[in-house]
Amino acid sequence: MKMSRFVASMMMLHTLLMASVNAEELVYTRAFADDDYGSYHVAVLNAVFAATPEYGDVALIPHPHPMSQSRQLVTLLKGDADVMWSVTNSNREQRLLPIKLPLLKGYSGYRVLVINPSEQANFAQQTGEALKQSTMVQGADWPDLNVLKANGYNVSGEDWSLWFHSMYSMVDKGLVDAFPRNIIEVHRDLERHKDKHVSLEQFHLLKYPNYEYFFVSPDSPALANRMRLGLIRILDDGELERIFDSFEGHRKAEMLADAESRKIHELGNPTISYKLDYARWDKYKNLAIRALEKEMLE
């Protein structure tokens with residue numbers, strides 16, 4: 001006897017509900033409550049856990065309270081969340097377990113300037129040393145603040161706020177000359193703040209080693225290794241690259257990174273003690289896979 005479509009649908013729904021009930025819940029931290037925030041990272045996490053089904057089903061749950069990066073770290077250490085993502089530094093790597101695949105291909109270290117459009121001509125004339133004297137702002141708990149300071153830039157820290165409202169307002173009102181923003185996020189932010197007098201500076205690009213990783217608690221080595229294995233699998237079959245390219249902001253970032261019209265200012269990064277040779281994992285897939293495999297053995 002043929003099963004009715006209704007009965008078949010109900011059985012499938014029951015199966016899905018049971019899988020959901022039996023799934024292990026993993027909580028990820030977030031900086032903002034916005035629905036779009038972290039959509040790429042969550043998509044990668046879902047792909048990672050889907051690629052490692054032998055370790056069980058996982059249901060990803062956002063932490064109910066948005067928080068600064070420093071607070072996210074504490075939340076993982078207290079066991080109130082399982083996963084976070086952020087730019088790395090030596091302190092974070094000492095206190096948490098990093099999964100050392102640069103999720104944004106190292107683009108976290110490519111910074112363009114958000115300025116008041118009335119200042120565009122002034123920036124066109126600036127040399128590297130003059131650029132360092134421009135007043136700039138960064139998030140107070142971002143590793144990038146210390147990077148810029150160490151390289152001689154005139155930069156101050158601003159408290160974390162919803163979608164960096166205060167930092168963009170400072171540019172709008174002329175309280176600072178520029179807000180260095182990474183090339184992955186800058187177009188999205190400019191769209192969000194299109195009601196302000198802010199625009200993309202056209203002539204300069206700051207570049208330094210800077211990598212955004214997933215982090216887990218030091219009490220979760222098994223979770224860390226499952227995530228490494230999942231990343232290896234989605235790197236190997238091309239799924240990670242497909243997810244990355246599905247985001248328009250990522251494609252725009254690539255254009256900024258490769259723009260020949262911009263003067264590149266190479267900076268050092270004192271917050272990390274190494275430079276990865278596989279940050280562009282789309283070009284160096286085998287190196288990235290071997291590095292993750294080595295981490296799993298350590």
Side-chain angles (χ1 to χ4, degrees), residues 31 38 40-41 44 69-70 73 84-93 96 98-115 128 131-132 134 136-158 164 167 178-190 200-215 231 240-241 244-245 247 249-284 287-288 291:
Y40 165 67
H41 301 82
V44 174
Q69 291 183 8
S70 55
L73 185 151
M84 68 176 282
W85 56 85
S86 78
V87 166
T88 195
N89 61 25
S90 57
N91 177 60
R92 291 178 187 181
E93 293 193 19
L96 298 173
I99 288 81
K100 290 186 178 179
L101 184 79
L103 297 166
L104 300 176
K105 300 184 180 180
Y107 288 163
S108 297
Y110 291 65
R111 300 258 153 177
V112 286
L113 306 179
V114 175
I115 63 170
L131 191 64
K132 290 182 179 181
S134 300
M136 299 183 183
V137 64
Q138 289 282 272
D141 68 340
W142 296 357
D144 310 273
L145 176 64
N146 293 328
V147 171
L148 292 167
K149 282 184 174 181
N151 283 273
Y153 285 82
N154 181 18
V155 59
S156 59
E158 178 71 2
F164 317 119
M167 288 182 262
F179 174 20
R181 196 72 178 106
N182 82 50
I183 60 174
I184 287 282
E185 296 171 315
V186 68
H187 289 102
R188 178 193 63 194
D189 285 2
L190 287 173
L200 192 63
E201 193 278 327
Q202 299 294 318
F203 303 101
H204 300 277
L205 175 72
L206 309 181
K207 182 180 176 183
Y208 47 91
N210 211 29
Y211 312 120
E212 185 172 276
Y213 299 148
F214 287 127
F215 290 88
L231 285 169
L240 182 57
E241 181 71 2
F244 187 92
D245 288 342
F247 288 81
H250 295 180
R251 299 194 298 272
K252 288 181 176 179
E254 203 125 38
M255 294 174 64
L256 285 176
D258 297 334
E260 296 181 358
S261 59
R262 290 181 176 272
K263 177 175 176 55
I264 298 176
H265 304 271
E266 298 275 359
L267 281 62
N269 186 349
T271 71
I272 56 175
S273 60
Y274 57 86
K275 185 175 181 180
L276 298 181
D277 57 2
Y278 60 87
R280 287 294 303 270
W281 40 259
D282 54 325
K283 296 183 176 181
Y284 305 105
L287 289 179

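The side chain to side chain donor-acceptor pair (under 3.5 Å) search around His204 returns His265, not counting sequence neighbours. Every residue two or more places apart in sequence or in another chain that forms a side-chain contact (heavy atoms from CB on, under 4.5 Å) with Glu241 is listed here: Lys105, Asp245, Trp281, Asp282. In this structure, Phe203 has no ring pair (Phe, Tyr, Trp, His ring centres under 6.0 Å) partners at least two apart in sequence or on a different chain. Partners of Asn269 according to the side-chain contact (heavy atoms from CB on, under 4.5 Å) rule, which considers only residues two or more places apart in sequence or in another chain, are Val147, Tyr208, Pro209, Asn210, Thr271, Ile272. Remark: Tyr274 engages Glu93, Tyr213 in a side chain to side chain donor-acceptor pair (under 3.5 Å) (not counting sequence neighbours). Residues satisfying the side-chain contact (heavy atoms from CB on, under 4.5 Å) criterion with Asn182, sequence neighbours excluded, are Arg111, Ile184, Glu185. Not counting sequence neighbours, Phe215 has no partner by the ring pair (Phe, Tyr, Trp, His ring centres under 6.0 Å) test. Listed by chain and residue number, nothing satisfies the salt bridge (charged side-chain N to carboxylate O under 4.0 Å, His left out) test with Arg92 (two or more places apart in sequence, or in another chain). With sequence neighbours excluded, no residue satisfies salt bridge (charged side-chain N to carboxylate O under 4.0 Å, His left out) with Lys149. Among residues two or more places apart in sequence or in another chain, the side-chain contact (heavy atoms from CB on, under 4.5 Å) test is passed with Ser70 by Ser68, Asp141. Shown here are the ring pair (Phe, Tyr, Trp, His ring centres under 6.0 Å) partners of Tyr40, two or more places apart in sequence or in another chain: Phe244, Phe247, His250.
Atom-to-atom distance recorded for Leu96:CG and Leu73:CG is 4.0 Å, nearest 0.5 angstrom. Taking NE2 from His187 and CG from Leu200, the interatomic distance works out to 5.5 Å, rounded to the nearest 0.5 Å. Going from atom CE of Met136 over to atom CG of Leu206 covers 6.0 Å, rounded to the nearest 0.5 Å. The structure places CZ of Arg262 at 9.5 Å from CD1 of Ile183, a figure rounded to the nearest 0.5 Å. Interatomic distance, CH2 of Trp142 versus OG of Ser86, reported as 12.0 Å (0.5 Å rounding).
The shortest side-chain heavy-atom distance between Val114 and Met167 does not fall under the 4.5 Å cut-off. When side chains are defined from C-beta on, Val44 does not count as touching Trp85, because their heavy atoms never get closer than 4.5 Å. Side-chain atoms of Phe179 and Gln138, non-hydrogen and from C-beta on, do get closer than 4.5 Å to each other. Residues Val112 and Leu205 form a side-chain contact, since some pair of their non-hydrogen atoms from C-beta on lies under 4.5 Å apart. Contact of the Gln202 side chain with the Ser261 side chain is not registered, since no non-hydrogen atoms from C-beta on lie closer than 4.5 Å.
For Gly152 against Lys132, the heavy-atom pair with the smallest separation is O-CB, 3.6 Å. Scanning all heavy atoms of the two residues, the minimum distance from Pro102 to Ala279 falls at CG-CA, 3.8 Å. Pairing each heavy atom of Ile115 with each of Ala178, the nearest pair is CG2-CB, 4.0 Å. For the pair Asn151 and Gly268, the tightest heavy-atom approach, listed with the atom from each and the gap, is ND2-O, 2.8 Å.
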Intermediate values then yes/no, side-chain contact (heavy atoms from CB on, under 4.5 Å), Leu148 and Leu267
CA-CA 8 Å; Leu148 292 167; Leu267 281 62; 3.9 Å; yes
Pairs under 3.5 angstrom only: tabulate donor-acceptor contacts from the side chains of residues 252-260 to other protein residues two or more places apart or in another chain.
unit_1, atom_1, unit_2, atom_2, d
Glu254, OE2, Tyr107, OH, 2.7
Glu254, OE2, Arg280, NH2, 2.7

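When atom types are taken as modelled, the side chain of Glu158 and the backbone of Ser156 share no donor-acceptor pair closer than 3.5 angstrom.
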